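For ligands, and for the atoms within them, numbers begin at 1 and follow the listed sequence. Predicted model, so just to flag it, every value in this text is computed and none were measured.
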Amino acid sequence: MMSRRLSVVTVPSETRTHCPYCAFQCGMVITSGKDVATTVRADPDFPVNRGQMCIKGFTSAALLDHAERITTPLVRNAQGRLEPASWDDALSRVIDGIRRIQETHGNDAVAAFGSGALTNEKAYLLGKFVRVALRSSQIDYNGRYCMASGAAGQNRAFGIDRGLPFPVSDIARTRTLVLWGSNAADTLPPLMQWITAQREGGESIVVDPRRTETARGATLHLQLTPGSDLALANGLLHLAIEQGLIDREYIDARTVGFDDVRRKVLEFPPSRVERITGVSASDMQRAIDLIAKSESAMLLSGRGPEQQSKGADTVSALCNLMLALGKVGKPYSGYGTLTGQGNGQGGREHGQKADQLPGYRLIERESDREAVAAVWGVAPETLPRKGRSAYELLDAMGRKGSDGVHGLLVFGSNVAVASPSSTSIEKKLAQLELLVVADAFLNETSAHAHVVLPVTQWAEETGTTTNFEGRVILRRKMRDAPAGPRSDLAILCDLAERLGAGDKFTTSAPEAVFEELGRATRGAMADYSGITHARIDREQGVFWPCPDASHPGTPRLFAERFHHSDGKARFVAVDHRAAGEEPDSTYPLWFTTGRYKEHYNSGAQTRRVGELVDAQPEPRVQVHPWLASRLGIGDGERLLVESRRGSVVFRIALSPDVRPDTLFAPFHWGGRHAANVLTNPALDPTSRMPEFKVCAVRARIDGGSSHLRVVR
Ligand SMILES: Nc1nc2c(c(=O)[nH]1)N[C@H]1C(S)=C(S)[C@@H](COP(=O)(O)OP(=O)(O)OC[C@H]3O[C@@H](n4cnc5c(=O)[nH]c(N)nc54)[C@H](O)[C@@H]3O)O[C@H]1N2
Ligand SMILES: Nc1nc2c(c(=O)[nH]1)N[C@H]1C(S)=C(S)[C@@H](COP(=O)(O)OP(=O)(O)OC[C@H]3O[C@@H](n4cnc5c(=O)[nH]c(N)nc54)[C@H](O)[C@@H]3O)O[C@H]1N2
Ligand code: SF4
Ligand SMILES: [Mo]
């Protein structure tokens with residue numbers, strides 16, 4: 001008989017998990033195994049992306065074994081260079097720095113900056129770490145740059161802030177869809193399957209100073225002047241009232257405060273609004289007809305109207321419009337804001353915000369302090385009060401004495417690239433006594449760090465995120481991390497132990513941290529107490545609020561009541577005001593910023609993925625051919641763009657898709673190409689959102705001498 005040789009075949013394993021990047025949190029299947037390349041495909045069974053992903057998701061595995069990944073802690077040596085160190089040495093250096101600063105300047109001199117990239121577990125533990133172990137009030141996060149205006153406007157109108165108050169599938173079924181300052185075709189590409197289905201049977205409107213990929217397929221594109229959204233929204237409501245298109249019965253039954261709004265929008269007749277926005281009265285008429293006369297209508301905003309120094313009021317104006325038309329809380333209708341970061345939703349609920357405790361509780365509300373203090377095992381009066389918002393916190397770096405931030409711990413943000421007026425932020429980072437950055441890669445921020453702590457990446461750890469619909473989902477661990485990096489949770493627990501608060505940070509196991517988060521949110525607005533990892537694993541995610549294990553979760557909000565105590569929505573009368581900076585004779589052009597499909601945020605991750613860099617190697621400033629001819633410059637040439645904060649050089653992309661009075665550039669690059677060198681740190685008084693979308697600039701050929709003085 002012939003003997004048979006047995007060969008051992010390693011079967012590649014498959015893990016269902018979610019993309020590390022944006023709020024769509026596409027379901028993906030990763031295949032990996034010994035001697036086989038790790039591959040990623042879109043999960044056909046996850047009901048949100050249904051088998052689609054974008055190029056960032058498809059290439060995301062490139063980050064896992066990337067040659068530039070940091071695998072050992074780094075500490076700055078006497079010569080000023082970062083050099084490898086043991087974990088014990090690195091963490092001792094962190095603790096010594098914290099102690100020295102807090103002894104000299106008080107607890108609030110050490111701050112932390114968090115992120116919507118962090119899982120719920122991490123966001124929760126970071127907030128607790130700062131309040132309980134650091135005993136500092138100074139924590140905020142990059143969501144302040146992202147969702148703060150949407151959140152503030154929704155809280156005011158509806159008493160709750162959940163990006164979408166309905167599942168994504170509802171979008172396909174609305175008769176009129178308004179995408180207001182969102183370029184979803186590039187920023188949430190798999191959303192387009194739902195939008196395309198909607199457009200087959202209904203009408204759609206896009207409001208954007210640029211004719212984007214998203215605008216191209218719309219029934220109507222309103223190409224407004226940057227920063228004029230609030231006036232346009234008030235103008236549309238003016239028309240609706242004048243023409244009897246509002247829903248009186250709904251207003252009486254379900255809202256309060258309409259009269260003030262009615263009086264305010266009387267001041268916005270089409271002639272005035274046309275002057276402010278550049279949108280013609282006839283286009284306004286078409287828009288209000290499409291929205292008001294259709295059986296269902298949905299208005300979804302992106303960062304366009306929100307990242308302004310009047311972003312919160314603009315969101316109020318958008319909510320006012322939809323409420324007055326009786327479109328909120330009805331089938332396939334409503335207002336929503338399209339959340340951006342992977343955990344942009346959960347990241348804004350569990351205590352990373354300066355004024356917040358887990359579950360969207362308020363740090364200044366006594367009952368909330370008591371509830372959370374009981375779960376944390378501390379006395380309520382030991383919890384700090386509210387701290388500074390993101391930009392204000394960074395701006396306080398380098399300030400002398402106890403008024404300044406002297407030590408900063410950064411978890412999940414590249415603040416040197418992502419912040420407005422970034423040159424001044426970089427200078428201040430360089431003045432810190434202690435800068436600690438936890439990240440998987442070096443970036444423009446950690447270039448100034450005293451200590452860099454390498455962390456495990458998304459596919460190497462389990463954790464939950466809350467997607468843009470409010471669906472809490474589970475990112476499953478696919479493999480062990482390489483030797484060296486530690487999870488953010490483990491780092492926080494170790495630091496807490498060294499600060500003498502180890503008894504309050506007894507576990508870094510994600511499932512146990514999530515269970516504690518659930519208890520801390522019981523009875524709160526964002527109640528997660530009925531959700532467990534095991535339950536999410538069984539179901540396709542669970543929508544919050546979910547107050548107990550038998551509760552089905554809440555896919556749709558507002559059908560019967562809003563979240564104010566009387567169950568009614570609030571109208572908020574808001575007025576148009578100029579942007580923090582508008583074009584004048586010295587800086588005659590509008591400058592606005594946004595995104596490319598191929599890069600993600602500060603680019604710290606995507607600028608190292610070959611396919612993405614090949615597709616989009618550098619930022620280009622979008623210039624209208626009419627303006628280019630006035631500037632005497634052609635496609636591909638280099639344009640020097642200057643604002644009151646600094647100057648940068650971009651290569652030109654000629655395009656008729658941008659307004660002739662406006663320049664657009666993406667903010668995914670740092671250094672000489674950093675759009676944020678130009679942006680204006682004017683803050684919204686309510687949301688503290690910086691004005692990323694509007695500032696004034698001048699431009700000339702790089703090396704040339706004369707500027708264009710007037711545009712019109
Ligand atoms: N490819 C890619 N996708 C991403 C991200 C990424 O970096 N890259 N980031 C994620 C994150 S964190 C976020 S927050 C989302 C953001 O998603 P979006 O909100 O879609 O992104 P932006 O490109 O910042 O801005 C949207 C649009 O606003 C327009 N705009 C500029 N000024 C104004 C204005 O004054 N009024 C109006 N109405 N519109 C204006 C811009 O022209 C732009 O087309 O994307 C998420 N998805
Ligand atoms: N001009 C202009 N500026 C803008 C905007 C704009 O539209 N225009 N948009 C703003 C918006 S909406 C946003 S969201 C911000 C985003 O900008 P940033 O706050 O800089 O966010 P990212 O570039 O996503 O940076 C994430 C960093 O966190 C790391 N990271 C990812 N996951 C983890 C993790 O789990 N743990 C740790 N420790 N690190 C992790 C990544 O490697 C990366 O270095 O930029 C804002 N800045
Ligand atoms: S970046 Fe966003 S849209 Fe693209 S694959 Fe990831 S989750 Fe999906
Ligand atoms: Mo964002």
Side-chain angles (χ1 to χ4, degrees), residues 20-24 54-56 63 113-119 122 126 141-147 179-189 206-210 212-215 222 224-229 232 301-308 314 337-344 390 410-420 422 437-446 453-458 461 463 468 487-488 491 579 590 592-606 622 658 662 664-668 674-676 678-679 689-690 692-694:
Y21 298 116
C22 88
F24 217 75
C54 80
I55 186 170
K56 299 187 296 307
L63 295 174
F113 201 96
S115 170
L118 304 180
T119 59
K122 295 178 184 185
L126 181 62
Y141 80 124
N142 64 4
R144 183 74 65 176
Y145 292 170
C146 179
M147 300 313 301
L179 290 168
W180 197 303
S182 154
N183 183 15
D186 286 347
T187 57
L188 300 165
V206 169
V207 184
D208 196 307
R210 301 184 304 137
T212 57
E213 205 46 47
T214 314
L222 306 179
L224 82 181
T225 306
S228 68
D229 303 81
L232 182 60
S301 65
R303 299 305 78 76
E306 298 172 14
Q307 289 174 326
Q308 300 183 14
T314 300
T337 170
L338 291 164
T339 296
Q341 297 184 80
N343 194 29
V410 180
F411 284 81
S413 178
N414 187 4
V415 293
V417 173
S419 302
S422 52
V437 174
D439 208 300
F441 296 95
L442 294 174
N443 61 29
E444 289 80 355
T445 304
S446 58
L453 304 173
V455 297
T456 48
Q457 294 194 61
W458 92 106
E461 52 192 20
F468 70 120
S487 77
D488 294 285
I491 293 171
W590 298 100
T592 191
T593 60
R595 294 162 159 83
Y596 283 159
K597 188 188 267 180
E598 297 83 357
H599 286 285
Y600 189 67
N601 290 349
S602 74
Q605 291 158 293
T606 52
Q622 205 177 10
V658 63
T662 303
F664 168 89
F667 77 101
H668 308 299
N676 271 326
L678 304 171
T679 51
M689 166 72 84
F692 290 118
K693 289 294 188 265
V694 199

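Qualifying ring pair (Phe, Tyr, Trp, His ring centres under 6.0 Å) partners for Tyr600, counting only residues two or more places apart in sequence or in other chains: Tyr21. Shown here are the ring pair (Phe, Tyr, Trp, His ring centres under 6.0 Å) partners of Phe692, two or more places apart in sequence or in another chain: Tyr145. Applying the side-chain contact (heavy atoms from CB on, under 4.5 Å) rule to Thr187 yields the partners Arg595; only residues at least two apart in sequence or on another chain are considered.
Between Gly412 and Ser115 the shortest heavy-atom distance is O-OG, 2.6 Å. Here the closest non-hydrogen pair linking Ala416 and Ser422 is O-CB, 3.3 Å.
Every atom of ligand 1 with a heavy atom of Gln308 under 4.0 Å away is listed here by number and element: 34 (C), 35 (O), 36 (N). For ligand 1 and Trp180, the ligand atoms under 4.0 Å from any heavy atom of the residue are 38 (N). Close approach to Ser182 involves these atoms of ligand 1, each under 4.0 Å from a residue heavy atom: 20 (O). Each of the following atoms of ligand 1 lies closer than 4.0 Å to a heavy atom of Pro226: 35 (O). Atoms of ligand 1 found under 4.0 Å from any heavy atom of Arg210, numbered from 1 in the order shown, are 41 (C), 42 (O), 43 (C), 44 (O). Residue Asp186 has at least one heavy-atom neighbour below 4.0 Å for each of these atoms of ligand 1: 1 (N), 2 (C), 3 (N). Close approach of ligand 1 to Tyr596 (heavy-atom distance below 4.0 Å) involves ligand atoms 1 (N), 2 (C), 8 (N).
Considering backbone and side-chain N/O of Val694, none are found under 3.5 Å from N/O of ligand 1. Note: an N/O pair closer than 3.5 Å links Asp229 and ligand 1 by distance alone.
Under the 3.5 Å distance criterion, with hydrogens and angles disregarded, no donor-acceptor pair is assigned to the side chains of Glu444 and Ser602. Side-chain atoms of Thr337 and Arg303 form a donor-acceptor pair, as typed in the model, at a separation below 3.5 Å. Using modelled atom types and a 3.5 Å distance limit, the side chains of Glu461 and Thr456 yield a donor-acceptor pair. With 3.5 Å as the limit, one finds no donor-acceptor pair spanning the side chains of Asp229 and Thr314.
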Check your understanding: What's the verdict on side chain to side chain donor-acceptor pair (under 3.5 Å) for Asn343 and Thr119, showing C-alpha distance, side-chain angles and the deciding distance?
Key -> CA-CA 6 Å; Asn343 194 29; Thr119 59; over 6 Å; no
Check your understanding: After noting the C-alpha distance and the side-chain angles of Asn414 and Asn601, does the key distance pass the side-chain contact (heavy atoms from CB on, under 4.5 Å) rule?
Key -> CA-CA 9 Å; Asn414 187 4; Asn601 290 349; over 6 Å; no
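If you look at Phe468 and Phe24, their ring centroids are closer than 6.0 Å.
Residue Thr212 places a heavy atom less than 4.0 Å from ligand 1. Contact between Leu188 and ligand 1 is absent, with no heavy atom of the residue lying under 4.0 Å from the ligand.
The residues lining ligand 2, counting any heavy atom closer than 4.0 Å, are Ala117, Leu118, Lys122, Asn142, Tyr145, Cys146, Gln307, Gln341, Gly412, Ser413, Asn414, Ala418, Ala438, Asp439, Asn443, Val455, Asp488, Thr593, Arg595, Tyr600, Asn601, Ser602, Ala604, Gln605, Phe667, Asn676, Thr679, Phe692, Lys693.
Residue-level proximity to ligand 1 for Asn183 is carried by backbone and side chain together, each with a heavy atom below 4.0 angstrom. Using a 4.0 Å cut-off between heavy atoms, Leu338 makes no contact with ligand 1 at all.
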